[in-house]
Number of protein chains: 2
Amino acid sequence: MAERITSAQVAALAGVSQSAVSRVFTPGASVSKKTAEKVRHAAEQLGYRPNVLARAMITGRSRIIGLVVAYLENQFYPLALARLSRSLQERGYHILVFLAGNDAAKTAQVVDELLDYQVDAILTASVAMSNDLATRCEAAGIPVVAFNRGQDDPRLSEVTSDNLAGGRQVAEFLLAGGHRRIAHIAGWQGSSTGRDRAEGFRAGLAQAEQEPVAIMDGLYDRAVAAKAALDLVVRPDRPDAIFVGNDHMAFAVMDALRFQAMLRVPEDVSVVGYDDVPMAAWPAYDLTTNRQPLDAMVAATVDVLMARIEGDAQPHKIRLAGPLIIRGSARLPQGTQRSPAPSPTGET
Amino acid sequence: MAERITSAQVAALAGVSQSAVSRVFTPGASVSKKTAEKVRHAAEQLGYRPNVLARAMITGRSRIIGLVVAYLENQFYPLALARLSRSLQERGYHILVFLAGNDAAKTAQVVDELLDYQVDAILTASVAMSNDLATRCEAAGIPVVAFNRGQDDPRLSEVTSDNLAGGRQVAEFLLAGGHRRIAHIAGWQGSSTGRDRAEGFRAGLAQAEQEPVAIMDGLYDRAVAAKAALDLVVRPDRPDAIFVGNDHMAFAVMDALRFQAMLRVPEDVSVVGYDDVPMAAWPAYDLTTNRQPLDAMVAATVDVLMARIEGDAQPHKIRLAGPLIIRGSARLPQGTQRSPAPSPTGET
DNA sequence: CGAGATCTTGCATACGTCTGCAAAAACGAC
DNA sequence: GTCGTTTTTGCAGACGTATGCAAGATCTCG
């Protein structure tokens, strides 16, 4: 129950004014070596640390980033969360978590709460924030950055991988592998990510004057994706390859194909995913997948956040390309080899 | 760049004092119906919402819970995080994330930062917070609750599953299944969770006058656990069953056994895990495992947090039992059946 | 050594809200 | 209508820090 130490107490002990103490803890303020020394010593002795909340009231900077996220089932998001948090922590910021519901009313409420906490910026991940809400935040002076999702509104910032190119890359790879009946179980078509990958995929096939035998919406949901896969393989023209909109669904698709449809992957059906989460490298799945460059995306996201907070009014739209990681879940084109194993650090 | 609306502006519009506005937004304060109406209307019109930070300065309650977490690779933790956050959100609290490093110095720094933000309570998960640090927080009047980890210090609160009983339950199940050379790849022995499961397991074997052929520390790490499994199976007295300290490592163990040692699970070696994360139900693993009652643990954690914040000085030590979920990764005892499939909601 | 320039320092105020206190208003009972 | 009781209201002062301003201290250079 020790009362919290204030700058005034430190000032008293050090024999200086409260302002002096404040200046010692404010980078770039004018203090002499001598008083700084005295103050630091007194602060050390009392265990003083500035109160972030009080500081926030004056400066208008809470050093809190609001993260809006819908679900953490897909391993990609906890991983991103961890790296984002770590990176922001190094810069003196922290993440306040807001779980969004699926309905619009709940999302509006979440935005209200975000504003209540005076967050310095809002980061959205795996969640559809309606444009008017995002715009409302920007209007309130709070920058919004969408991670792994595009926003229509040109005033909003976003960091994604190059999903169009990624989708095309997968199409080319499957065609080169000799597949001729290729289906796509897409990410939710309400998300730019899902749409772009599908579109790029379609364009890649079109280049070879092919088209997908089917495109179904997997809604980023394991059960839906599995059902779609089973529906596909009972058709008379069973696909010989399925491109799945993300790894999370791809695992469900592989499970359904192997354990329910009793098909072999890749001998009967090739499967390709998207994201390259660590689990994709596990031998039980050994999934060929288009990697999203997570570290680069996180770095870019933090850079954009910092820039916007520092007052850069320009919205940024950043798109980072990722390589196709070739493993064993899809038949290989002639002369192609597996990608080298990842560094041990990424394996966990 | 719309300036933030303050209670004073609302007061001016409503023709009342700032105090009146404050009281309208403070549950339990004395306001007449009439002025409440006027104020609400004015607030609505201006889009006013109270500033949580300013409020925190007065009341000493930030409505922020600091969550200290070390890693999110193990699916159990993101899931817990999501549920904890959702539950706290309903009560008007939010989670501020702090990623702990592995070294003690970094952890001390994290604690400093926690105090800077005036968090109302600290929640630790999957992280070893040295007792003096935790005690320091308690001394500063900030309750600390450990999720899924026991604390030696009797003054600290904790919520865990009954790991002793769980370990014993696994031992009994494997013995009943006719296994006679049983090994244990344990969770990190620096954690109570890892120790208790190992101890319960050992006690369960001892009851039948058996003892484990080996106990190795998997350190909650996939690579370490896989290596341990491979070391075990090259022995002349190859184990016929391995109890793994959590699901996260158990998946690695199964992968190593199947794809590196070329053994069949469960025909050659039975594998049992601990946690029952959703992935354990995926057919690729179909893991028999001791379930941790996540929902109950989350509910208990939130209850303890609220109680401690409300001033209940008593520390709570809560231990919740979980059932063994019988699937296909371990040979079944005579007459035993698989556990019924989980509800679809838990499947994702 | 002196005058001007530069650096430090303390004072006072502001940030947006809550809350104890006392005055004012409303209420109730006779 | 009066008086005592309860409710409602505004005032003013906190919470802990940052910062403009002016005065004081220190430095620089001739």
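Lettering of chains follows the sequences in order, A, B, ..., and the numbering in each one begins at 1.
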Q. If you find the nucleotide of DNA chain C closest to B:Lys34 and the one closest to B:Ala54, which residue's nucleotide is nearer the 5' end?
A. B:Ala54
Q: Using a strict cut-off of less than 4.0 Å between a Lys/Arg side-chain nitrogen and an Asp/Glu carboxylate oxygen, indicate whether B:Asp120 and B:Arg63 qualify as a salt bridge.
A: no
Q) If you pin A:Ala20 and B:Gln118 to their nearest nucleotides in DNA chain D, which one's is more 5'? A) B:Gln118
Q) Any side-chain donor paired with an acceptor under 3.5 Å for A:Ser19 and A:Ser22? A) no
(Q) Does any part of the side chain of B:Lys317, heavy atoms only, come nearer than 4.5 Å to the side chain of B:Ser157, both counted from C-beta? (A) no
Q) With a 3.5 Å cut-off and no angle check, do the side chains of A:Arg61 and A:Gln118 form a donor-acceptor pair? A) no
Q: Give B:Val21 one of three labels, base, sugar-phosphate or nothing, depending on what nucleic acid heavy atoms sit under 4.0 Å from its own.
A: nothing
Q: Anything under 30° is parallel, anything over 60° is perpendicular, the rest tilted; go ahead and classify B:Phe98 against B:Tyr117.
A: perpendicular
Q: Nearest whole angstrom, please: distance from the P of D:dG16 to the OH of B:Tyr117.
A: 19 Å
Q) Any donor-acceptor pair under 3.5 Å joining the side chain of A:Ser19 to the base of D:dT19? A) yes
Q: Round to the nearest Å and state the distance from A:Met57 atom CE to C:dC15 atom P.
A: 9 Å
**Q.** Whole-Å gap separating C1' (D:dC27) and NZ (A:Lys33)
**A.** 17 Å
Q) What's the CD1-P distance between B:Ile5 and C:dT17, to the nearest Å? A) 10 Å
Q: Check whether the ring centres of B:Tyr48 and B:Phe25 lie less than 6.0 Å apart, and answer yes or no.
A: yes
(Q) For a quick test of reading the model, state the closest non-hydrogen atom pair linking B:Ala70 to B:Leu99 and the distance between them. (A) O-CD2, 3.7 Å
Q. Which whole-number value in Å describes the distance from B:Asp116 CG to D:dT17 C1'?
A. 13 Å
Q) Separation of A:Leu53 atom CG from C:dT17 atom C1', in whole Å? A) 12 Å
Q) CZ of A:Arg55 versus P of C:dG16: gap in Å, rounded? A) 18 Å
Q: Calculate the interatomic distance between A:Arg61 atom CZ and D:dA18 atom P; express it in whole Å.
A: 14 Å
Q.
Using OP1 and OP2 only, check whether a side-chain N or O of B:Ser30 sits under 4.0 Å from D:dT8.
A. yes
(Q) Is the phosphate of C:dT8 approached by A:Ser32 (side-chain N or O, under 4.0 Å from OP1 or OP2)? (A) no
Q. Under 3.5 Å, is there an N or O donor on one side and an acceptor on the other linking the side chain of B:Gln18 and the base of C:dC18?
A. yes
Q.
Any side-chain N or O of A:Thr35 below 4.0 angstrom from OP1/OP2 of C:dT9?
A. yes
Q | Strand-adjacent residues in residues 22-29 of chain A, judged by heavy atoms under 4.0 Å from DNA chain C | A | A:Arg23
Q. Given C:dG16, D:dG16, C:dC18, which nucleotide is nearest the side-chain atoms of B:Thr59?
A. C:dC18
